[in-house]
Visitor: 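Below: one structure in C-alpha cells.
Side-chain atoms are counted along with the backbone in the values below, which use heavy atoms only and exclude waters and symmetry mates. Just so you know, ligand 1 is whichever comes first in the structure, and atom 1 is the first atom listed for that ligand.
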Amino acid sequence: MRLILASASPRRCELLGQIGVSPDAVDPADCDETPRKGELPPCYAQRVSAEKAALVAARHPSALVLAGDTVVAAGRRILPKAETESEARQCLELLSGRRHRVLSAISLIDADGKARHRLSVNVVTFKRLERIEIDAYIASEEWHGKAGGYAIQGRAAGLIRAIQGSHSAIMGLPLYETRALLKAAGYPLD
Ligand SMILES: Cc1cn([C@H]2C[C@H](O)[C@@H](COP(=O)(O)OP(=O)(O)OP(=O)(O)O)O2)c(=O)[nH]c1=O
C-alpha cells in the first residue's frame, strides 16, 4: 500500500518516522491557507487539512494520502505563520503569560477515496516573557514560518511552562491520531 505524505514540512516526515512509518513519497499540497471571514480556528484547521489531502489525492488515485494542518489560536483569533520579526514579536507578546490552543488536524484519504479526519486540541502555557527573552528568541530565527511564531521542538521549550495534550501534535503531527487513522485505513502497522 503506497503512502503519500502531502506536506512540505520535514518535521511531519520525521514525526511519522518516530512511529515507524516512512512514506513512499512526499508530495506537498500548495493550497490557499487564507482563513475565511469569521472562520473559527478548529473549522479552519480541519478545512485546510482536508483541502491539502484532497488536492494531493487527485494526483495519486490509488494511494493513501496523509495531510495535516497546525494552527495556533488565541481565543477565536488564528495567529499567522510568522514571516517577519515584527509578526513573530506580536505573536510572542500576545502569548506571553497566557494559555493558548494548538489545533492539529489530520486527514487521510484511502485508495477508494474515503476520507478520514481527526482533530487534536492542545493547550500551551507560556511563562510571562521578559523583553530580553523575546529579543533573544527573535534573534534565534527559530520562529520563521512557524504557526504562532514559535516552535516547541527548539528553545521555546524553555519558555513553555506547561502543555496539555500531545507534544507531537503541537510540533505538527498528532501521532496517536495518525496511527489510529492509518490502522483504520488498513495500513500495515504493528
Ligand atoms: C506551534 C508550532 C508550530 N510549528 C510549525 C509546524 C508547521 O510547519 C507550522 C504550521 O504550518 P502547517 O501549514 O501546518 O504546515 P507547513 O506549512 O509546515 O507544511 P505543509 O502545509 O506542506 O504540510 O508551524 C512547529 O514546528 N512547532 C510548534 O511548536
Side-chain angles (χ1 to χ4, degrees), residues 3-18 21 23 25-36 39 41-57 59-60 65-74 77-84 87-88 90-92 94-96 98-109 117-127 129 137 140-175 177-178 181:
L3 174 65
I4 313 295
L5 178 61
S7 176
S9 158
R11 270 171 317 273
R12 291 211 168 99
C13 200
E14 277 168 37
L15 283 163
L16 259 186
Q18 193 181 327
V21 173
V26 173
D27 185 4
D30 190 16
C31 73
D32 179 10
E33 296 191 25
T34 318
R36 292 186 181 145
E39 191 170 30
C43 298
Y44 169 74
Q46 291 176 101
R47 176 177 66 79
V48 173
S49 166
E51 278 179 16
K52 286 178 184 174
L55 215 133
V56 173
R59 305 200 281 255
H60 304 272
V65 174
L66 175 68
D69 195 68
T70 301
V71 170
V72 172
R77 195 157 149 197
I78 296 168
L79 299 198
K81 286 195 219 174
E83 294 300 341
T84 63
E87 242 179 353
Q90 277 174 32
C91 286
L92 294 170
L94 186 76
L95 300 177
S96 170
R98 309 166 83 224
R99 284 145 47 100
H100 66 273
R101 281 178 304 161
V102 179
L103 306 158
S104 234
I106 53 164
S107 303
L108 183 73
I109 300 185
H117 309 281
R118 289 281 186 284
L119 178 69
S120 167
V121 180
N122 308 276
V123 177
V124 175
T125 310
F126 266 90
K127 76 184 285 290
L129 300 172
Y137 194 73
S140 80
E141 297 275 345
E142 285 188 11
W143 47 268
H144 210 271
K146 304 295 189 317
Y150 73 92
I152 197 169
Q153 63 272 29
R155 57 182 69 204
L159 306 172
I160 290 170
R161 196 198 321 221
I163 69 169
Q164 281 163 261
S166 149
H167 191 267
S168 59
I170 297 165
M171 266 180 74
L173 189 72
L175 291 177
E177 289 79 1
T178 299
L181 280 198

Visitor: Using a distance-only test with no angle check, is there a side-chain donor-acceptor pair under 3.5 angstrom linking Arg11 and Ser168?
Guide: no
Visitor: What I want to find out is whether Lys81 reaches Glu87 closely enough, with some N-O distance under 4.0 Å, to be called a salt bridge.
Guide: no
Visitor: Mind checking what residues have non-hydrogen atoms under 4.0 angstrom from ligand 1?
Guide: Ser7, Ala8, Ser9, Arg11, Arg12, Glu33, Lys52, Asp69, Thr70, Val72, Lys81, Lys146, Ala147, Tyr150, Ala151, Ile152, Gln153, Ile170, Met171
Visitor: Do other residues, nucleotides or ligands put more than 12 heavy atoms under 6.0 Å from the CZ atom of Arg77?
Guide: no
Visitor: Return a table of donor-acceptor pairs under 3.5 angstrom between the side chains of residues 145-161 and protein atoms on other chains or two or more places apart.
Guide:
from, atom 1, to, atom 2, distance (Å)
Lys146, NZ, Glu142, O, 3.3
Tyr150, OH, His100, NE2, 2.7
Arg155, NE, Glu142, OE2, 3.4

Visitor: Between side-chain atoms of residues 120-127 and protein atoms elsewhere (two or more places apart, or another chain), which donor-acceptor pairs fall under 3.5 Å?
Guide:
from, atom 1, to, atom 2, distance (Å)
Ser120, OG, Asn122, ND2, 3.1
Asn122, OD1, Ser166, N, 2.7
Asn122, ND2, Val102, O, 3.0
Asn122, ND2, Ser120, O, 3.3
Lys127, NZ, Glu133, OE1, 2.8
Lys127, NZ, Glu133, OE2, 3.0

Visitor: Of all residues at least two apart in sequence or in a different chain, which pass the side-chain hydrogen bond (donor to acceptor under 3.5 Å, both in side chains) check with Gln90?
Guide: none
